[in-house]
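Inspection log for the structure reproduced underneath, given as structure tokens.
Keep in mind that the numbers below use all heavy atoms, side chains included, and drop hydrogens, waters and symmetry copies.
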Amino acid sequence: QVQLVESGGGLVQAGGSLRLSCAASGRTFSRHAMGWFRQAPVKQREFVAAISWSGGSTYYADSVKGRFTISRDNAKNTVYLQMNSLKPEDTAVYYCAAGSSARVITTRGEYDYWGQGTQVTVPS
């Protein structure tokens with residue numbers, strides 16, 4: 001069992017930066033691939049970024065590539081999402097997810113555990 005708690009969301013002006021954190025409980029964190037998804041009002045939850053359990057592989061949605069960076073610290077049971085050059089279309093609730101796999105996972109259905117989400121708002 002893995003429990004996930006996101007933090008770091010907030011309101012930021014366009015062009016600004018935020019760093020989201022996701023703290024995980026459980027001793028098996030390092031054996032889980034991790035990912036970030038987001039859901040804007042009246043839209044489906046969409047993939048943002050993912051990282052393998054070693055941190056050696058990452059993958060990004062085209063919409064955030066070059067602006068967002070996912071990383072993890074297995075010693076701290078934490079995964080991060082550094083978000084730079086934020087745009088109004090990045091406004092959403094951001095969710096952290098954990099999957100029982102060594103490799104990068106980009107499909108929502110392959111994740112086993114989800115956090116409660118943290119709101120990111122970028123006014124237009």
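Stacking of R108 on the aromatic ring of F37 is not recorded, the 6.0 Å distance cut-off and the 45° axial limit not both being met.
S25 is linked by a side chain to side chain contact (heavy atoms under 4.5 Å, CB included) to Q3, counting only residues two or more places apart in sequence or in another chain. Remark: R67 pairs with D90 by the salt bridge (Lys or Arg N to Asp or Glu O under 4.0 Å) rule, at least two apart or across chains.
Residues W53 and S30 share a closest heavy-atom pair of CB-O, 3.1 Å. Shortest non-hydrogen contact noted between V79 and F29 is N-CZ, 4.2 Å. V2 and A98 make their closest contact through CG1-CB, 4.4 Å (heavy atoms, listed as atom of the first residue, atom of the second, distance). Of all the heavy atoms in P88 and P123, the pair that sits closest is CG-O, 3.9 Å. Across all non-hydrogen atoms, the minimal contact from A49 to L81 is CB-CD1, 4.1 Å. Of all heavy-atom pairs between Q119 and A92, the closest is NE2-O, 3.4 Å.
Atom CD of Q82 is separated from atom CG of L18 by 8.5 Å, given to the nearest 0.5 angstrom. The OH atom of Y80 sits 11.5 Å away from the SG atom of C96 when rounded to the nearest 0.5 Å. To the nearest 0.5 angstrom, F47 atom CZ is 13.0 Å from W36 atom CH2. Atom CD of residue E46 and atom CD of residue Q39 lie 9.5 Å apart, to the nearest 0.5 angstrom. Taken from NE2 in H32 to OG in S101, the straight-line distance is 9.5 Å, to the nearest 0.5 Å.
Counting only distance, with no hydrogens or angles, the side chain of T58 and the backbone of I51 share no donor-acceptor pair below 3.5 Å. One N or O on the side chain of D112 and one on the backbone of S100 form a donor-acceptor pair closer than 3.5 Å. Listed for the R72 side chain is a donor-acceptor partner under 3.5 Å among the backbone atoms of S52. For T78 (side chain) and K76 (main-chain N/O), a donor-acceptor pair under 3.5 Å exists by modelled atom type.
Residue Y59 places its OH atom among 12 or fewer non-hydrogen atoms of other residues, nucleotides or ligands, all under 6.0 Å distant. Under a cut-off of 6.0 angstrom, the local environment of CD in E89 is crowded, with over 12 non-hydrogen atoms contributed by other residues, nucleotides or ligands. At most 12 heavy atoms of other shown residues, nucleotides or ligands fall within 6.0 angstrom of atom NZ in K43.
Sequence neighbours left out, the pairs with a member in residues 6-21 that pass side-chain hydrogen bond (donor to acceptor under 3.5 Å, both in side chains) are S17-N84.
Y111 and Y113 fall into different hydrophobic clusters, defined by Ile, Leu, Val, Met, Phe, Trp and Tyr side-chain heavy atoms under 4.5 Å apart, directly or through other members. W114 and V120 fall into different hydrophobic clusters, where Ile, Leu, Val, Met, Phe, Trp and Tyr side chains are chained together by heavy-atom contacts under 4.5 Å. Y60 and V48 end up in the same hydrophobic cluster when Ile, Leu, Val, Met, Phe, Trp and Tyr side chains are linked at under 4.5 Å.
Using cut-offs of 30° and 60° on the angle between ring planes, the pair F68 and Y94 is tilted.
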(message) Checking M34 against L4 for the side-chain contact (heavy atoms from CB on, under 4.5 Å) test, could you report, in this order, the C-alpha distance in whole Å, the side-chain angles of both residues, the deciding distance, and whether it holds?
(response) CA-CA 10 Å; M34 300 296 296; L4 305 171; 4.0 Å; yes
